[in-house]
Structures are given as C-alpha cells and as structure tokens.
Amino acid sequence: MIEFHLNSRSGLSPYQQLVQQVRHALRLGLLSEGDRLPTVKDVAKQMAVNPNTVLKAYRELEYDGLVAARPGVGTFVTRTLADGTLAAHGPLRKDLKRWLTKARLAGLDDESIEALFMSTFRDAAGEDVA
C-alpha cells in the first residue's frame with residue numbers, strides 16, 4: 001500500500017502532492033490494478049490535513065480514470081501508468097543511487113541535489129527539443 005508524505009517546500013498544494021504521489025506509484029509499478037488506496041480518513045489523520053483535501057485528490061484521480069471509489073468498500077486502482085520500460089527501472093535506479101551517494105559525499109544537501117537534478121533535467125529536455 002502507498003504511504004503518503006507531504007513536502008512543505010515542494011510548491012505544490014497537499015492535494016496536488018497526493019495526486020502526484022499516486023501517479024508516480026502507478027508509473028513505477030508500485031501500485032497495480034485492483035490495489036486499494038488508504039481510506040480518506042486514514043490519510044487525513046496520518047498527514048494532518050482536512051479530509052476534503054484527500055477527497056479532492058482521490059476525485060481528481062477518479063476523474064482521470066486511474067481509480068474508482070466503491071461506496072463502503074474503498075478506493076481502488078483501475079489502471080496503471082507503467083509501460084514496457086518498467087524493466088529498465090532497476091538498473092537506472094541503481095545508477096541514480098550511486099549518483100546520489102556521490103552528491104552527498106560532495107557535500108550537497110537534499111535541496112541542492114534536487115536543484116541540480118531539476119536544472120540538468122530541464123537542460124537535457126531542452127536539448128531533445130532542439
């Protein structure tokens with residue numbers, strides 16, 4: 001089951017962070033069709049947010065066709081976002097963990113690592129378009 005977390009520095013609202021985390025879990029194959037999401041009540045309590053925040057996130061995911069609410073039973077994944085490249089994730093994850101270790105050994109904190117990654121990611125994405 002997915003475990004949510006909030007990052008106050010992300011720039012995203014709590015509901016957007018919940019949506020993003022479910023989408024990432026679906027893309028990475030961490031959630032599969034038929035898996036049950038935590039209840040709105042449990043997520044709201046764990047995250048210390050208003051239940052309406054969680055409900056809004058779940059409704060957006062439902063609108064996108066990724067989950068379906070079954071009254072009295074829960075909210076279940078109806079489709080994933082994983083594709084045929086899932087097998088490549090293992091080696092890439094291993095390489096990324098090595099890179100993160102090097103970044104930490106170089107003295108970078110989490111925020112600096114994220115900034116460096118996102119900057120490089122945007123640069124590389126720009127090169128693909130050109």
Side-chain angles (χ1 to χ4, degrees):
M1 184 177 293
I2 189 169
E3 208 169 298
F4 295 108
H5 58 278
L6 291 180
N7 179 352
S8 59
R9 295 180 287 164
S10 77
L12 295 175
S13 69
Y15 107 87
Q16 290 171 317
Q17 289 183 53
L18 296 175
V19 170
Q20 184 180 60
Q21 289 172 45
V22 170
R23 287 180 159 283
H24 286 181
L26 292 170
R27 193 169 312 293
L28 295 172
L30 302 173
L31 285 173
S32 304
E33 280 185 47
D35 285 352
R36 185 175 181 262
L37 295 182
T39 65
V40 169
K41 182 180 173 182
D42 287 346
V43 175
K45 183 178 177 182
Q46 176 206 352
M47 309 299 291
V49 296
N50 188 305
N52 288 330
T53 299
V54 182
L55 196 55
K56 183 176 180 180
Y58 281 15
R59 283 193 177 140
E60 182 170 319
L61 292 164
E62 189 169 14
Y63 179 79
D64 292 342
L66 300 173
V67 302
R70 297 184 195 152
V73 182
T75 303
F76 295 85
V77 174
T78 55
R79 73 180 178 96
T80 68
L81 297 172
D83 58 20
T85 65
L86 196 55
H89 289 197
L92 290 172
R93 182 182 297 266
K94 193 174 182 178
D95 290 345
L96 187 54
K97 283 183 179 181
R98 263 192 238 115
W99 181 85
L100 287 169
T101 300
K102 286 180 185 178
R104 284 193 172 79
L105 289 172
L108 275 67
D109 62 8
D110 287 351
E111 201 169 311
S112 298
I113 290 170
E114 185 178 353
L116 177 60
F117 177 83
M118 290 309 297
S119 171
T120 306
F121 179 79
R122 286 186 196 103
D123 288 349
E127 290 171 8
D128 290 343
V129 182

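Predicted model only: the values in this text are computed from it and were never measured.
Arg79 and Glu33 get closest at one heavy-atom pair: CA-CG, 3.6 Å. Across Tyr58 and Val40, no two heavy atoms sit closer than the pair CD2-CG2, 3.9 Å. The minimum heavy-atom distance between Ala44 and Val54, with the atom names listed, is N-CG2, 3.9 Å. Minimum interatomic distance between Thr39 and Arg36 (heavy atoms only, all atoms of both residues): CG2-NH2, 3.3 Å. In plain terms, the two heavy atoms of Glu3 and Gln21 that are nearest each other are O-OE1, 4.2 Å. When all heavy atoms of Leu12 and Gln17 are compared, the pair lying nearest together is O-NE2, 2.9 Å.
Judged as a side-chain hydrogen bond (donor to acceptor under 3.5 Å, both in side chains), and not counting sequence neighbours, Ser32 has no contacts. In this structure, Thr78 has no side-chain hydrogen bond (donor to acceptor under 3.5 Å, both in side chains) partners at least two apart in sequence or on a different chain. With sequence neighbours excluded, the residues forming a salt bridge (Lys or Arg N to Asp or Glu O under 4.0 Å) with Asp95 are Arg98, listed by chain and number. Arg59 pairs by the side-chain hydrogen bond (donor to acceptor under 3.5 Å, both in side chains) definition with nothing, not counting sequence neighbours. In terms of the side-chain hydrogen bond (donor to acceptor under 3.5 Å, both in side chains) criterion, Arg70 has no residue partners (sequence neighbours excluded).
When each of Leu66, Leu30, Asp64, Leu61 is paired with Val22, the side chain to side chain contact (heavy atoms under 4.5 Å, CB included) condition holds for Leu61 and for no other. Val49 pairs with exactly one of Met47, Gln46, Lys45 by the side chain to side chain contact (heavy atoms under 4.5 Å, CB included) rule, that one being Met47.
The CD atom of Gln20 sits 10.5 Å away from the CZ atom of Arg27 when rounded to the nearest 0.5 Å. Atom-to-atom distance recorded for Arg104:CZ and Asp110:CG is 5.0 Å, nearest 0.5 angstrom. With values rounded to the nearest 0.5 angstrom, Glu60 atom CD is found 10.5 Å from Leu18 atom CG. Interatomic distance, CG of Leu37 versus CD of Glu62, reported as 10.5 Å (0.5 Å rounding). With rounding to the nearest 0.5 Å, the separation of CG in Leu100 from CG in Leu96 is 4.5 Å. Taken to the nearest 0.5 Å, the CG atom of Leu26 stands 7.5 Å off from the CD1 atom of Ile2.
For the pair Thr101 (side chain) and Lys97 (backbone), a donor-acceptor distance under 3.5 Å is present.
Hydrophobic cluster membership of Val73, counting Ile, Leu, Val, Met, Phe, Trp and Tyr whose side-chain heavy atoms lie under 4.5 Å apart directly or via other members: Phe76.
With a 4.5 Å cut-off on side-chain heavy atoms, Trp99 and Ile113 count as touching.
Side-chain atoms of Thr120 and Asp123 form no donor-acceptor pair, as typed in the model, at a separation below 3.5 Å.
Applying the 6.0 Å contact sphere to CZ of Arg93 captures no more than 12 heavy atoms from other residues, nucleotides or ligands.
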